[in-house]
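Notes follow the structure.
Just so you know, these numbers use all the heavy atoms, side chains as well, and skip hydrogens, waters and symmetry mates. Note that the coordinates shown come from a computational prediction; the quantities given were computed from them, not determined experimentally. All residue numbers in this chain count up from 1 along the given sequence. First listed ligand is number 1; within each ligand, the first listed atom is number 1.
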Amino acid sequence: MSFLDQIDNIKLPQHIAIIMDGNGRWAKQKGKLRVFGHQNGVKAVREALEGCVKANIKFLTLYAFSAENWNRPKLEVMALMELLVTSLKKEIKTFQENGVRLNVIGDISKLPSNAQKKLQETIEATKENTHCTLTLALSYSSRQEIVDAARNLAQQVKQGKLQADDINDELFSANLYTQNLPDPDLLIRTSGELRISNFLLWQIAYSELCFLDKMWPEFTKEDLFKSIVDYQQRERRFGKTSEQL
Ligand code: FPP
């Protein structure tokens, strides 16, 4: 039986975020180059997206390339950018058929111009889709995002458009790259590493965390469904007691 049948449709997470980790190690275990791991990682991206569409998850956010990933060997960075462009070309049809809207967060200006162009085109072409929003975090740093929000707010105060006392949780969230997304309910990380690695630090304040002991290229829809079932078995208290819920 599929874990899909065990999902309670009344308690669905609205937003799932994933740290796709372990492509390099998976390839190494097989005696292959790291790029081979990334190529197979794309298949797992498809699994995750199809799984979300099937399970009716409205927001999926994938950590595809961190700001720190620019420090990797040049060839690997180039291969990842190329993979992004070819995948977007290939997947546009799937996005349209499944009502997937593409969104990006991160410092896109650092990406090669063909990647920026393909992203913009795909965002524009899918902007009316409403079934699921796929957000790719590219050249993304959560600390940088928080710094940018603080700078924006400081500038508004300096220009007299805002009182410092009016800055609160909600206003701060509205100045993050994720201003149009709800906070993730569930964060999944593959590869067995127990870290957040500068991903959505503000937004995951109350997210449930799920660490999987398999490498990203091995991730399947069933892993997604099982993580949703695990999530539904937890009690989210948001600081309250069980009795208050
Ligand atoms: C982590 O594995 C993975 C990445 C840094 C890149 C993720 C990219 C893809 C899955 C493919 C392209 C993406 C899209 C959206 C088309 P790692 O290289 O850090 O693995 P390691 O920790 O074993 O070295």
Fill in the blank from the handout: shortest atom 12 (C) of ligand 1-to-protein heavy-atom contact is with V42 CG2, 4.1 Å

Practice task
State, with a plain yes or no, whether a side-chain heavy atom of C132 is found less than 4.5 Å away from one of N98.
Solution key: no

Handout entry: Atom CG of L88: over 12 foreign heavy atoms under 6.0 Å
Key = yes

Completion exercise
In short, Y63 meets E68 closest at the heavy-atom pair OH-OE1, 4.2 Å

Exercise for the section: Pick one of side chain, backbone, both or neither for how R34 approaches ligand 1, counting any non-hydrogen atom pair under 4.0 Å. Expected result: side chain

Practice task
Give yes if a backbone or side-chain nitrogen or oxygen of W216 is under 3.5 Å from a nitrogen or oxygen of ligand 1, and no if not.
Solution key: no

Exercise for the section: Number the atoms of ligand 1 from 1 as they appear, then name those within less than 4.0 Å of a heavy atom of S87, with their elements. Expected result: 16 (C)

Exercise for the section: Give a yes or no on whether K226 atom NZ has more than 12 heavy-atom contacts from other residues, nucleotides or ligands under 6.0 Å away. Expected result: no

Practice task
Of the side chain and backbone of L88, name the one, both, or neither that has a heavy atom under 4.0 Å from an atom of ligand 1.
Solution key: neither

Practice task
Please round to the nearest 0.5 Å and tell me the distance separating atom CE of M78 and atom CE of M81.
Solution key: 11.0 Å

Handout entry: Atoms of ligand 1, numbered as shown, that sit under 4.0 Å from any heavy atom of H38
Key = 11 (C), 18 (O)

Handout entry: Distance filter under 4.0 Å to L136 heavy atoms, resulting ligand 1 atoms
Key = 15 (C)

Handout entry: Test item: I19 and R195 side chains (from C-beta on) under 4.5 Å apart, heavy atoms
Key = no

Practice task
Output the list of atoms in ligand 1 that are nearer than 4.0 Å to some heavy atom of N69, sorted by atom number.
Solution key: 5 (C)

Exercise for the section: Check each of E91, Q29, R72, M20 against atom 17 (P) of ligand 1 and report the one with the nearest heavy atom. Expected result: R72

Exercise for the section: Report yes or no: do H15 and D185 form a side-chain donor-acceptor pair below 3.5 Å? Expected result: no

Exercise for the section: Just jot down the ligand 1 atoms closer than 4.0 angstrom to any heavy atom of R25, in number order. Expected result: 21 (P), 22 (O), 23 (O)

Handout entry: Flag side-chain contact, heavy atom, 4.5 Å: P13 against I16
Key = yes

Practice task
Heavy-atom contacts with G41 under 4.0 Å: which atoms of ligand 1 show up? List them by number with element.
Solution key: 10 (C)

Practice task
Please tell me if the side chains of F95 and L49 come closer than 4.5 Å, counting only heavy atoms from C-beta onward.
Solution key: yes

Exercise for the section: Please write down residue, atom name and distance for the protein heavy atom closest to atom 13 (C) of ligand 1. Expected result: A64 CB, 4.3 Å

Practice task
Verify the neighbour count for atom CZ of R234: are there more than 12 heavy atoms of other residues, nucleotides or ligands below 6.0 Å?
Solution key: yes

Practice task
Just need the protein heavy atom nearest to atom 10 (C) of ligand 1, so name the residue and atom and give the distance.
Solution key: N23 ND2, 3.6 Å

Handout entry: Proximity flag G22 to ligand 1, non-hydrogen atoms under 4.0 Å
Key = yes

Practice task
Measure L62 to ligand 1 on non-hydrogen atoms and call it side chain, backbone, both or neither using the 4.0 Å cut-off.
Solution key: neither

